[in-house]
Amino acid sequence: MIELKGTLTERTEEAVRLVCTEVTQEEVNSFCALYDKAGVKLLPSAIEFFRQYGGAYRDSYIMLNDPVYNKEISIGCFSLVRKYYSYAFDTAKTEKDMLMRLDEAMDEYDNVKEFAKQEICPVGEIGYYYPALVYIGEDGRLYCVYDWTEEIGIFDTPAQILADYLK
């Protein structure tokens, strides 16, 4: 276990950096194939996001040791990673499950696209309990849709999303 020091944002950035492992070209191809099969337009920024963060939670997770916030936090991408799907909190067992989840993510597509004023696509979920559904814009900004509010969050990195959850 590693104890992180610094501000909340510095700690979440370091935690995300530590859990993100290298993604293989085979995994990138699987990510692209899933979107193609779902009929979802995959942006270059989404592929880059997956290259950078898709390896998170393949072998690790972040656990907060604060007794008030003793919760797991996670980053999940819509993709086949190794022998299982990396997705917030649970593991989809089949491609059918992941396609269904990706299809459900498209329910908010028009609202987020209108808000972002650019092309977007869903990339996964980040958070705990009620994780944010995360979309990425052409410019690489992350747009979060939450179950508990109509507001759409805007972030530059997954660490910023996690830090926002912990405020």
Side-chain angles (χ1 to χ4, degrees), residues 7-10 12-13 15-17 19-20 23 27-58 61-62 69 71-81 85-92 94-167:
T7 67
L8 177 60
T9 300
E10 289 168 344
T12 56
E13 285 173 356
V16 170
R17 186 191 68 73
V19 298
C20 288
V23 175
E27 291 168 328
V28 173
N29 293 345
S30 171
F31 179 71
C32 295
L34 182 72
Y35 280 73
D36 185 51
K37 192 166 190 172
V40 175
K41 181 181 178 183
L42 186 58
L43 299 175
S45 57
I47 296 169
E48 183 55 35
F49 178 87
F50 181 74
R51 285 184 195 280
Q52 189 168 359
Y53 300 108
Y57 300 92
R58 178 187 301 137
Y61 64 92
I62 301 169
Y69 297 107
K71 302 174 180 80
E72 293 179 11
I73 54 179
S74 60
I75 300 171
C77 296
F78 296 112
S79 169
L80 177 61
V81 177
Y85 289 101
S86 175
Y87 195 79
F89 303 120
D90 58 21
T91 304
T94 68
E95 183 179 79
K96 181 180 175 185
D97 293 335
M98 195 50 66
L99 287 169
M100 182 179 69
R101 289 178 168 157
L102 189 53
D103 184 58
E104 289 169 359
M106 295 305 288
D107 291 346
E108 293 291 332
Y109 177 85
D110 290 334
N111 292 336
V112 178
K113 182 178 177 182
E114 183 179 328
F115 177 83
K117 297 181 179 25
Q118 63 179 313
E119 286 295 320
I120 53 135
C121 75
V123 290
E125 290 189 343
I126 297 176
Y128 58 87
Y129 286 122
Y130 298 103
L133 177 56
V134 181
Y135 298 80
I136 193 165
E138 294 170 300
D139 63 0
R141 304 245 14 227
L142 302 173
Y143 298 90
C144 296
V145 175
Y146 308 96
D147 285 341
W148 65 86
T149 182
E150 296 288 318
E151 293 180 30
I152 297 173
I154 306 171
F155 302 92
D156 293 318
T157 67
Q160 290 174 347
I161 297 168
L162 295 174
D164 187 61
Y165 264 94
L166 299 175
K167 286 183 185 172

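Quick caveat, the model's predicted, so the values are computed rather than measured.
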Heavy atoms, side chains only, cut-off 4.5 Å: are Phe155 and Val134 in contact?
no
If I take atom CG from residue Asp164 and atom OG1 from residue Thr12, how far apart are they, to the nearest 0.5 angstrom?
10.0 Å
What residues form a salt bridge (Lys or Arg N to Asp or Glu O under 4.0 Å) with Glu119, not counting sequence neighbours?
Lys113
Results of side chain to side chain donor-acceptor pair (under 3.5 Å) for Tyr146 - residues two or more places apart only:
none
Filter on salt bridge (charged side-chain N to carboxylate O under 4.0 Å, His left out), then keep only pairs touching residues 143-155, sequence neighbours left out; what's left?
none
CE on Met106 to CG on Leu102, rounded to 0.5 Å:
7.0 Å
Salt bridge (charged side-chain N to carboxylate O under 4.0 Å, His left out) pairs touching residues 135-145, sequence neighbours excluded, are Arg141-Asp156
Qualifying salt bridge (charged side-chain N to carboxylate O under 4.0 Å, His left out) pairs with a residue from residues 33-45, counting only residues at least two apart or across chains
Lys37-Glu95
For Val23 versus Arg51, what's the shortest heavy-atom pair and its separation?
CG2-O, 3.8 Å
Quick check for you: to the nearest 0.5 Å, what is the distance between Tyr35 atom OH and Ser30 atom OG?
11.0 Å
Distance from Arg17 atom CZ to Tyr53 atom OH, nearest 0.5 Å?
12.0 Å
Which pair of heavy atoms, one from Ile136 and one from Ser45, lies closest together, and at what distance?
CD1-O, 3.4 Å
Just to verify, what does Tyr143 make a side chain to side chain donor-acceptor pair (under 3.5 Å) with, not counting sequence neighbours?
Gln118
In Å, rounded to the nearest 0.5 Å, how long is the span from CD1 of Ile120 to CZ of Phe115?
11.0 Å
Is Leu162 close to Val16 at the side-chain level, that is, under 4.5 Å between some pair of heavy atoms?
yes
Check side chain to side chain donor-acceptor pair (under 3.5 Å) between Gln160 and all other residues, then give those that pass, not counting sequence neighbours.
none
Partner residues of Met100 under the side-chain contact (heavy atoms from CB on, under 4.5 Å) criterion, sequence neighbours left out
Glu104
Taking all heavy atoms of Pro122 and all of Val40, pick out the closest pair and write down the distance.
CD-CG1, 4.2 Å
Closest heavy-atom pair, Pro158 versus Ile126, reported as atoms and distance to 0.1 Å, is CB-CD1, 3.7 Å
Just to verify, what does Glu13 make a side-chain contact (heavy atoms from CB on, under 4.5 Å) with, not counting sequence neighbours?
Thr9, Ala159
In Å, rounded to the nearest 0.5 Å, how long is the span from CZ of Phe49 to CG of Leu142?
5.5 Å
Could you tell me which non-hydrogen atom of Leu43 sits nearest to which non-hydrogen atom of Gly137, and how far apart they are?
CD1-C, 4.1 Å
Please find the pair of heavy atoms, one from Cys32 and one from Ile47, that lie closest to each other, and give the distance.
SG-CD1, 3.9 Å
